[in-house]
Amino acid sequence: MHHVLSYVVIGLAGGCPYAVVGLGISLVYQVSGVINFAQGDFVMLGGLTYAVAGEAGLPAVVAAVVALAVTAACGAVLQVAVLALAAGAGPDRLITLTIGASILIQGLALLWFGADQHFAAPFSGDREVRLLGVTLSDQYLWCAAVTLSAVVAVRLLLYRSSWGRGIRAVAADRQTARLVGVSPLWMATVTLVLAAVLAGLAGIVIAPLQPPDAAVGLALGLKGFTAAVLGGLSSPMGAITGGLVVGVVEAVVTGVVSSGYRDVIVYGLLVAVLLLRPTGLLGRAVAERV
Amino acid sequence: MTTMRSRTGPVMGFAVFAAVLLSVPAVFTRVPLYTMSTAVLMVLLALAALGLVPLAGRARQVSLGQAAFYGIGGYTSAILTTRYGLGGWWALVAGALLSAAVAWLLGSLIFRAQGHYLSLATLAFGLALAALATQLPMTGGNAGITGVPALSVLGIELSDDLSMYYVFAGMLLVATVAVQVLLRSFWGAALTAAGDSPVAAAASGVDVAGLRRTAFVVAAVLASVAGSGYACWYRYVDPGVLGLLSSVELLVIVSVGGRDSVWGAPLGALGVVTLTQLSKEQIGPASGASFELTAYGVILILSLLLLPRGLAGLPAILLGRWRRHRLTTGRIPREAR
Amino acid sequence: MTAALLEVSDVSVRFGGVWALRNLSVRLDGGGIVGLIGANGAGKTTLINVVTGAVRPAQGRVLLDGHDLTAMTAHRAARLGLARTFQNIQLFGSLSVLDNVLMPYRIRHRSTLRQGRARALALLEQVGLADRADGRPYELAYGQQRRLELARALAMAPRLILLDEPLAGMAGRESEEMLTLFGRLREQRVTLLLVEHDVASVLRISDRVLVLDHGRLLADAPAAEVVANPAVRTAYLGDAMGADD
C-alpha cells in the first residue's frame with residue numbers, strides 16, 4: 001500500500017510534462033481540427049536543444065530561452081510553410097503532413113545531434129525532497145511548478161487576451177469567427193506556436209529526468225496524445241487530468257508489474273481509450289465538426 | 001460506375017504493368033543500384049502499401065497500422081512454421097485470417113467514433129504490438145525468430161531471389177487487379193463518396209462505418225500477406241518490422257506514388273526503394289538511417305503539397321486534364337486532392 | 001390515431017450549461033412545406049441534428065413513420081426515407097454529377113445500373129442539370145451545386161427532406177428558381193422541412209411555420225397567423241418585418 005502511494009506521487013509529478021504536451025495537442029485540435037503528430041518531436045527538440053546548449057556551457061536560463069525559441073520557430077515554420085500551403089485539404093492530408101513533419105524533425109535532429117543521449121543538470125542541483133514518505137528528485141517539483149504556471153498562463157491567455165478570444169472563437173465556429181474579423185489561419189499559427197512552446201517547456205523540465213535523444217519524441221508524443229484523448233481531445237483542461245493519469249499508470253506499472261511491459265500498457269491504454277471511450281474519460285458525446 | 005471512360009484503358013494498363021514486372025529481372029541485374037533482392041523488397045512493399053489506396057486514398061482514413069499487420073503476418077508465419085511445422089502457405093493464410101479478424105474487431109470499434117482517430121489508434125496499436133513482441137517468449141523477444149523456412153511452389157523451393165520475385169510479382173499483379181475491380185465497383189464509388197463527404201454519404205444511405213471497416217480489413221490482409229512473404233524470404237523476423245518507420249514508409253509509398261490510384265503502390269515502392277538504395281550507397285548505412293528519415297519527411301511533405309495525386313497523377317497533369325478543369329470553371333476544387 | 005410522418009416528442013438537448021432544445025414537441029403529418037425559423041442559436045440546427053441522428057437528445061424521442069430515429073445511425077434513417085441537404089454544400093467531389101445522384105438512387109432502390117441511370121438523369125433534368133451529367137460537381141456554379149444536392153436528396157425517394165439553409169448565398173434569380181422547385185416538389189407530395197434565414201421567403205412559400213426561440217417552440221401555425229402573432233413579432237420577427245415594411 002505504501003509502495004502504491006509512492007508510485008502515485010512519482011506518477012503525478014512525472015505525468016506533469018505529459019499534461020503540458022497533451023494541452024498543446026488539444027489546443028491545436030480545437031483550432032485546426034488537426035491531430036498534430038509533430039508535437040512529440042517539439043518536446044524532443046526542446047529537451048535536446050536545452051541539453052546540448054547546456055553541455056556547450058550556456059547558462060541554464062539562456063539554454064532554456066534558446067530551446068524555446070527553436071521550438072517556437074519550428075512550430076511557426078510547420079504552420080506557415082507546410083499546413084497553411086495545404087489550405088482546402090481535408091484533415092487526412094493535414095494529418096499526413098504533420099506525420100511528415102514529425103519524421104523530418106526527427107531526421108534533422110539525428111543529423112545534427114547524432115543518435116546519442118544528451119544530459120542536462122537538474123535545475124537546482126542534485127537535491128532531493130521527501131514527500132509523503134517518498135524521496136524524490138527536486139526536479140519533480142520543478143515539473144509540477146512549471147506545469148502549474150503553464151496551465152495558469154494558458155488559461156489567462158485564452159480568457160483574458162484578444163488572441164485568446166480569437167482562438168476560442170475559431171474553435172467554436174470557424175465561419176462565424178471569420179465573419180467577425182478573426183482570421184482562422186492567423187489563430188492557427190498562434191495556437192501552433194503556443195503548442196510548440198508548451199512542448200518545448202515539457203522537454204526542458206523532463207530533460208534532467210530522462211536524458212533526451214533524437215528518437216524520444218515518439219514516446220513522449222504518444223503519452224501526450226493519450227493525455228489529450230483521455231481528456232476528450234476538445235477539452236484543453238481535460239488534457240491536464242489525462243496527463244496525470246498517464247503518469248500514474250506509467251509509474252504504477254513500472255513499479256508493480258515490470259518495466260518491460262510499461263510501453264505495452266501505456267500504448268495499450270491509448271488504444272483502449274480510443275476504442276472504448278473515444279470522447280475521453282471526462283468528455284461527453286459531441287457530433288462531428290462539419 | 002458510369003464515369004468509366006473506356007473499358008480497354010484499364011486492361012491495357014495491366015498488360016503494361018505485367019510486362020514491366022516481367023522485365024524487372026532483366027533490368028535490375030544489369031543496372032547499378034538495383035539487385036534482385038531490391039526487386040523482391042519492392043514487390044513486397046507495393047503489396048503491403050496497396051491496401052492504403054482504398055483506405056487512405058478513397059475513404060481518406062489515414063492508417064499507421066499497416067506495419068502492425070505486416071508484422072502479424074510475418075510473426076504468424078514464423079511461429080507456425082518454426083514451432084508447429086505448418087506449411088508456409090498455410091501459415092500465410094492463417095496470418096491473413098488473423099489480421100482480418102483483428103482489423104475487423106479494431107475497425108468495428110474505432111469507426112463507431114466520428115473524427116480522425118484511426119491514425120492515432122493504429123499508431124498506438126502498432127507500437128503496443130512492437131513492445132509486446134520484445135517481451136513475449138513466443139515471439140523471441142528482441143532477438144526475433146530465425147530459421148523460418150522458405151516458401152515452395154509445386155515442390156520448388158523459393159530460396160533464391162528470382163523465383164521469390166516471380167511468385168510475389170504475380171501476387172502483386174493479381175492483388176492490383178482485384179483492388180482495381182473493387183474500386184471500379186459500386187463499393188468503390190460508395191467508398192469514394194464516403195471519403196469526399198462522410199455526412200452526405202450517410203445521408204445518402206451509405207453505411208460509412210461499415211465501408212471504412214471493410215477497407216481497413218482489405219488493407220490488413222494485403223499487408224499481412226506481404227509480411228508473411230517477407231518472413232519466408234528473409235527467413236527471419238524481429239520487432240523492427242512492426243515499427244513506426246515501416247508504417248510511415250508504406251504511407252510515404254502511396255503518397256508519393258498516388259493515393260487514389262492502384263498504380264500508386266508500385267510506383268511509390270519503386271521510388272522509395274530507389275531512395276533507400278541511394279542513401280545506403282552514397283552515404284553509408286550508419287548515417288543512412290537519419291538521412292532516410294529526413295528524406296522521407298521531405299518527400300512526404302513535398303508530394304502532398306505539390307503532387308496531391310502522386311506520380312500516378314503526373315500523366316493527367318502533363319496531358320493538361322487537370323488544368324482544363326480549373327480553366328473551365330474558374331473555381332479551384334475545394335477538395336483538390 | 002395513425003403514426004405521424006415525423007413525430008418529435010418532448011426532446012431536450014443540452015450543450016454544457018445551455019439548453020439547445022427544451023421539451024420540444026412537433027408533429028408533421030406529411031405533405032406541404034413546413035418552414036422552421038428562429039434567431040441564431042434558437043435551436044434550428046440542433047433540431048436537424050437530432051432528427052438526422054447526429055446529436056442524441058438527453059431526453060425525448062423522434063419517430064419517422066413510427067420508427068424510432070433517436071438511436072438510429074444516419075444511413076439507416078436515410079434508408080427509411082429521410083433525406084437532407086446541408087448548410088455548407090456537401091457533394092461527392094470525386095464522382096461525376098450523374099454519379100452523385102445515381103449512387104444514392106441505387107442504394108435506395110437496389111436498381112440495376114441501366115434503370116438507375118435513366119432515373120438519375122430524369123432527376124437531373126428536374127433540377128435543370130441534365131446537360132452537366134458528365135461534369136464534376138466543382139465545375140458547377142453555386143446555385144447549381146445546391147440544386148444537385150437537392151437532386152441527390154430526391155434520389156432517396158424521401159418521405160421527408162430536411163433543407164438546411166438552401167437559399168444561403170444565392171442571388172435573387174437563383175433563389176427564385178429554388179423556390180419554384182420547392183413548389184413543384186410540394187405538388188409531388190414530398191414533405192419539405194425548410195430551415196432558412198430568409199424569413200420573407202419562408203413566410204411566402206411555407207404552408208406552416210414553426211418558430212423556435214431559445215430551444216422552445218414559440219409558435220406553430222400557418223404563415224399568416226405567425227406574422228400576426230405578437231409574441232413572435234416581439235421575440236424575433238420584429239426586426240425582419242420592420243425592414244420589410
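Note on naming: letters A, B, ... go to the chains in the order of the sequence lines (proteins, then strands), and numbering restarts at 1 for each one.
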Does atom [atom1] of [X] have more than 12 heavy-atom neighbours from other groups under 6.0 Å away?
| X | atom1 | result |
| --- | --- | --- |
| C:E125 | CD | no |
| B:W104 | CH2 | no |
| C:R208 | CZ | yes |

Would you name the heavy atoms of [X] and [Y] that are closest together and state the gap between them?
| X | Y | value |
| --- | --- | --- |
| C:L91 | B:D196 | O-CB, 4.1 Å |
| B:A203 | C:A78 | O-CB, 3.2 Å |
| B:R60 | C:S94 | NH2-OG, 4.0 Å |

How far does CG of B:D207 sit from CZ of C:R76, to the nearest 0.5 angstrom?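 So the gap between those two atoms works out to 6.5 Å.
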Please flag which part of B:A201 lies under 4.5 Å from any non-hydrogen atom of chain C: side chain, backbone, both or neither.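 Its backbone and side chain both get close to chain C.
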Which atoms of C:L162 come close to chain B, meaning under 4.5 Å heavy atom to heavy atom: side chain ones, backbone ones, both, or neither?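 For C:L162, there is no contact with chain B at all, as no heavy atom is under 4.5 Å.
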Using non-hydrogen atoms and a 4.5 Å limit, figure out which bit of C:R152 sits close to chain B: side chain, backbone, both or neither.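 It is the side chain, since no backbone atom gets that close.
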I'd like to know which of B:G205, B:A190, B:G195, B:S197 tops the heavy-atom pair count under 4.5 Å against chain C.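 Result: the option with the highest number of such pairs is B:G205.
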Stepwise side-chain contact (heavy atoms from CB on, under 4.5 Å) check, C:M103 with B:V206: CA-CA 9 Å; C:M103 216 243 334; B:V206 175; 3.9 Å; yes
